[in-house]
There are 2 protein chains.
Amino acid sequence: MSRRTSLKDIAERVGVSTALVSYVINGQEKEKRVGKEVVKKIRAAAVELNYQPNQIARSLRRGSTKTIGLVVADIANPFFGNMARVIEDEANKQGYTVIFGSSDENSGKMGSLVDILINRQVDGFIIVPAEGTDLQIKVMQEKKIPLVLTDRYFMEVTTNYVVLDNFGATYDAISHLIEKGYKKIGMIAYKSNLIHMKERIRGYIEAMNNNNLGNEIRIEEVRNNHVGIDVEEAMSKLTAGERKINAILFATNALTISGLYCVQKLSLKIPEELAIIGFDGNEAFDFFYSPLTYIEQPIEEMGKEAVRVLIEQINGSTKIVHIKLRHTLIKRQSSL
Amino acid sequence: MSRRTSLKDIAERVGVSTALVSYVINGQEKEKRVGKEVVKKIRAAAVELNYQPNQIARSLRRGSTKTIGLVVADIANPFFGNMARVIEDEANKQGYTVIFGSSDENSGKMGSLVDILINRQVDGFIIVPAEGTDLQIKVMQEKKIPLVLTDRYFMEVTTNYVVLDNFGATYDAISHLIEKGYKKIGMIAYKSNLIHMKERIRGYIEAMNNNNLGNEIRIEEVRNNHVGIDVEEAMSKLTAGERKINAILFATNALTISGLYCVQKLSLKIPEELAIIGFDGNEAFDFFYSPLTYIEQPIEEMGKEAVRVLIEQINGSTKIVHIKLRHTLIKRQSSL
DNA sequence: AAATTAAGCTTAATCGTTTAAGCCATCAAG
DNA sequence: CTTGATGGCTTAAACGATTAAGCTTAATTT
């Protein structure tokens, strides 16, 4: 890779100091009173030599990289993939570049990911925090590293966040099922202390309680590293025996998909034997023989807001922003 | 953000020059004969002050950022999302970080994306090139920028690439359909000059010809920015009239999904009225009432190989590598 | 005519690391 | 007692861009 042209090259060709070139390149020729002729020559040389500023040098000097670090659970998960896309576009619009990493919901991995990104001097972070990373986040917060959490947050740590109104979402979903006449409603969620899960479960419970169905509450919590077998076990448990349910709410996209595989296996009739509500959109929901009712998240808004808030923060704002966005319940055949 | 600790801080605390600290931090205490006591003190101070090297400064000095630029069509597309994930993991293993961007199959966007990444001094690129970017790629190649193309490549530009044996994949798929007794087989592909599309189409044509079905060949090419309506039109055309087909091959994941929506709309019986073969895996294929036969791509291998080849290139290898990987045909009900 | 202001430029430090080159002991060998 | 290693350290330049401060010369003001 032959050396790229630098400010110095232009300076030499035009016969001036690098300072002047820098001023012109950065559009400060007025304030710094650079001569008209010289400005022209510098511009011409820059074009001719195809000058592109070295962002690394610039970053070192300016102390800002115009880069944001994005940490999600798994970029291959469509929910996070879509979010990443929105964030990418929005960041680009504002002149920022995105570096990403997947934590796999693992606190250790998230820690080293964050370290790497800090060493690369990202200007700020958008993070989907893994379980047990409250301390990590707190430390970042104390170091005044600009930071926005999304999808989830920690009650004990005061940070910016942009999340779904998870309680409202599941409350609404359960209310809809009840309205349709279902009473024996179960739920499959992750075993997790993360707030989004707690809130989704709370929405379910309160909706049940408020409709005098408190004693019908049946929640199965599965391990996120054994989704396949755990969901299978949970489904068998819930759909058999005395207290067999006739409707179910899944707490995430992945859980819904896993649940659908079980439904196939157990050849349950949807919605006759079991009504279903899923989480997030997914093409698979459309092609399931009984198209799924699901809770749609405003991914686009979420990503955009996250970037907006983060950049405000990077630009020095110190106010803490909490944003809860509303879902949309897409009603279809699986909950008729 | 209070200033982070630098080499200088450690040097001052221990009472030595920054050079020594740098040597120790980089594990060169042997070659550079640093005193045992001093090494200990420096190590202790580094830990105590929680020293983390500033990668920006390091990059500037070393002329290498340990960063790779990944340009895909759209990170929100599961195929590319999965690939990104594999690349991320593999790159991390080798000490590299990934910066990504989505081109939307748009040559202009790809150009500016590449420019941005070059200015950020990425050490090399993994690119899924958009149509009409052969010149861009050629220029990069001439500038000796380490580079691996994937998913597609250009016949006219000699670069490294890691792709699917697209011809073999569709040839195999069509052969399977013919074996199953289907003769009136159509195909829906993108209108594109990109090699992967050409090869997929060529595989279809040759398989048809080699089975004396040359006069049954029916290809519909749709615009990638109007997938919805174009596929609908193509499907109506192919599945009606005199020469109505009884089997179809889709050239990509997105096309398959679009096609399935049409199948729902036209309420075609699969596979009785129409056998289907899709491209790439997708959960939706599993839940379609007649689970889809599809061409599975070795995404993991593809991503891993791309990273491997790129890093070889970054490390100075000048040999050009061409890798074609084999698909797996997952046979299921939709082509029985 | 002296003093001030403005225009147009250069110098040099700086960001945090890396690394070639050199300095100064100490010690062994001749 | 000189020479040459060897060990253990420092100096300072370099990477490429930014920017405060200062230096000329010419023009304007008093």
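Residue numbers start from 1 in every chain, and the chains themselves are labelled A, B, ... in the order their sequence lines are given, proteins ahead of strands. The figures that follow rest on heavy atoms only: side chains count, while hydrogens, waters and symmetry mates do not. None of the values given here were measured: they were computed from a predicted structure.
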For B/Arg33 and B/Gln28, take the nucleotide of DNA chain C holding the closest heavy atom to each; which residue's nucleotide lies nearer the 5' end?
B/Gln28

Rounding to an integer number of Å, can you tell me how far B/Ile42 CD1 sits from D/dC9 C1'?
11 Å

Under a 4.0 Å N-O cut-off, is there an ion pair linking A/Arg308 with A/Glu301?
no

Parallel, tilted or perpendicular, as decided by the 30° and 60° cut-offs, for the rings of A/Tyr161 and A/Tyr153
parallel

Below the 4.0 Å mark, does D/dG16 have OP1 or OP2 next to a side-chain nitrogen or oxygen of A/Tyr51?
no

Checking only heavy atoms, does the side chain of B/Arg58 share a donor-acceptor pair with the base of C/dT17 at less than 3.5 Å?
no

Do B/Glu131 side-chain atoms and B/Asn193 backbone N/O form a donor-acceptor pair below 3.5 Å?
yes

Between atom CG in A/Leu60 and atom P in C/dT17, what is the gap in whole Å?
9 Å

Could you check whether B/Val16 gets within reach of a base, just the sugar-phosphate, or nothing at all, counting any heavy atom under 4.0 Å?
sugar-phosphate

Can we say A/Lys66 and A/Asp123 salt-bridge, meaning some charged N sits less than 4.0 Å from an Asp/Glu carboxylate O?
no

In whole angstroms, how far is the P atom of C/dG16 from the CD atom of B/Glu12?
12 Å

Pick base, sugar-phosphate or nothing for B/Arg62, based on heavy-atom distances below 4.0 Å to the nucleic acid.
sugar-phosphate

May I ask you to verify if any side-chain N or O of B/Ser6 is less than 4.0 angstrom from the OP1 or OP2 atom of C/dG16?
no

A/Lys40 has an atom NZ; how far is it from atom P of C/dG8, in whole Å?
14 Å

Of A/Asn54 and B/Ala19, the one whose closest DNA chain D nucleotide lies more 5'
B/Ala19

A/Glu29 has an atom CD; how far is it from atom P of D/dT19, in whole Å?
15 Å

When all nucleic acid strands are considered with a 4.0 Å heavy-atom cut-off, which category describes B/Gly35: base, sugar-phosphate, or nothing?
sugar-phosphate

Specify the separation, in whole Å, of atom CG of A/Leu7 and atom P of D/dT19.
12 Å

Is any side-chain nitrogen or oxygen of A/Thr18 closer than 4.0 Å to OP1 or OP2 of D/dA17?
no

Is A/Arg120 salt-bridged to A/Asp115, cutoff N-O under 4.0 Å?
no

For B/Ile25 and C/dT17, what is the distance between atoms CD1 and P respectively, to the nearest whole Å?
9 Å

Between C/dA12 atom C1' and A/Arg61 atom CZ, what is the distance in whole Å?
11 Å

Would you kindly check whether a donor in the side chain of A/Tyr23 faces an acceptor in the base of D/dA20, or vice versa, at under 3.5 angstrom?
yes

